[in-house]
Amino acid sequence: MAYWLFKSEASTWSWEQQVAKGDVGEEWDGVRNYQARNFMREMKLGDRGFFYLSQKDRKIVGIVEVCAESHPDSTTDDDRWDCVDIKAVRPFSNPVTLDQIKAEERLAEMVLVKNSRLSVQTVTESEWRIVCEMGQTKPD
DNA sequence: GCCAACGTTGGC
DNA sequence: GCCAACGTTGGC
């Protein structure tokens, strides 16, 4: 199983909206970046991801799960763009802020730190466990 | 609100 | 195929 990070702006798509979709989940559409798209094409059912809010919030607020593998993005006719569906698994007891992540030296190599603009990112297993611990949330 | 970093576009 | 110009993102 692989781990990922999905980035959103609360004003565009919030954690509450994601939770409201329940186990049906929702398309992670609108991505128009090849690297991010390629990561989504690699995703498998059951893969887990962090739900990160950029801009004003700048924190990881919960865990999501891939509930449909890569398929055409329904928001465009351009067949270059695919996306997955994700559903909310659980919120973090303690959201983990970007400041906390930057202050943790074991997370210095996280994509969020190295390339903050990428909207879909990979997360290593050790990074996953550290962030879950910081969020006081079970990792599985 | 600013601006650096990055990705994309299009002229050559 | 290069690279300047442009648009967008996101941290600050």
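Convention: sequence-line order gives letters A, B, ...; per-chain numbering from 1.
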Nucleotide of [options] approaching [X] most closely (side-chain heavy atoms):
X	options	answer
A/Leu98	C/dC12, B/dC6, C/dG10	C/dC12
A/Lys7	C/dC12, C/dG10, B/dA5	C/dG10
A/Gln55	C/dG11, C/dC12, B/dG7	C/dG11
A/Arg117	C/dC12, C/dG10, B/dA5	B/dA5

Using whole Å, report how far [atom1] of [X] lies from [atom2] of [N].
X	N	atom1	atom2	value
A/Ile60	C/dG10	CD1	C1'	15 Å
A/Met110	C/dG11	CE	P	12 Å
A/Arg80	B/dT8	CZ	P	9 Å
A/Asp99	C/dG10	CG	C1'	14 Å
A/Arg58	C/dT9	CZ	P	17 Å
A/Asn115	B/dC6	CG	C1'	8 Å
A/Asn33	B/dA5	CG	C1'	13 Å
A/Gln35	C/dT8	CD	C1'	16 Å

TODO: Could you tell me whether A/Lys102 contacts a base, only the sugar-phosphate backbone, or nothing, with contacts defined as non-hydrogen atoms closer than 4.0 Å?
DONE: sugar-phosphate
TODO: Just call it for A/Leu118: base, sugar-phosphate, or nothing, with non-hydrogen atoms closer than 4.0 Å on any strand.
DONE: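 A/Leu118: no heavy atom of the nucleic acid under 4.0 Å.
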Open item on the list: Please check: side-chain N/O of A/Glu127 versus main-chain N/O of A/Thr124, any donor-acceptor pairing under 3.5 Å?
Closed with: yes
Open item on the list: Side-chain N or O of A/Tyr34 versus OP1/OP2 of B/dC6: is the shortest distance under 4.0 Å?
Closed with: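 A/Tyr34 to B/dC6 OP1/OP2: no side-chain N or O under 4.0 Å.
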Task: B/dC6 OP1/OP2 closer than 4.0 Å to side-chain N/O of A/Lys114 - done: no
Task: Over 12 non-hydrogen atoms of neighbours within 6.0 angstrom of CG in A/Asp77 - done: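 No - once you tally the heavy atoms of other residues, nucleotides and ligands closer than 6.0 Å, there are 12 at most.
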Task: Distance-only polar pair, side chains of A/Asp73 and A/Thr75, donor-acceptor under 3.5 Å - done: yes
Task: Intermediate values then yes/no, ring-ring contact (aromatic ring centres under 6.0 Å, His included), A/Phe6 and A/Trp28 - done: CA-CA 9 Å; A/Phe6 296 88; A/Trp28 197 256; 5.3 Å; yes
Task: Identified side chain to side chain contact (heavy atoms under 4.5 Å, CB included) partner of A/Leu5 from the options A/Leu112, A/Val64, A/Val111 - done: A/Leu112
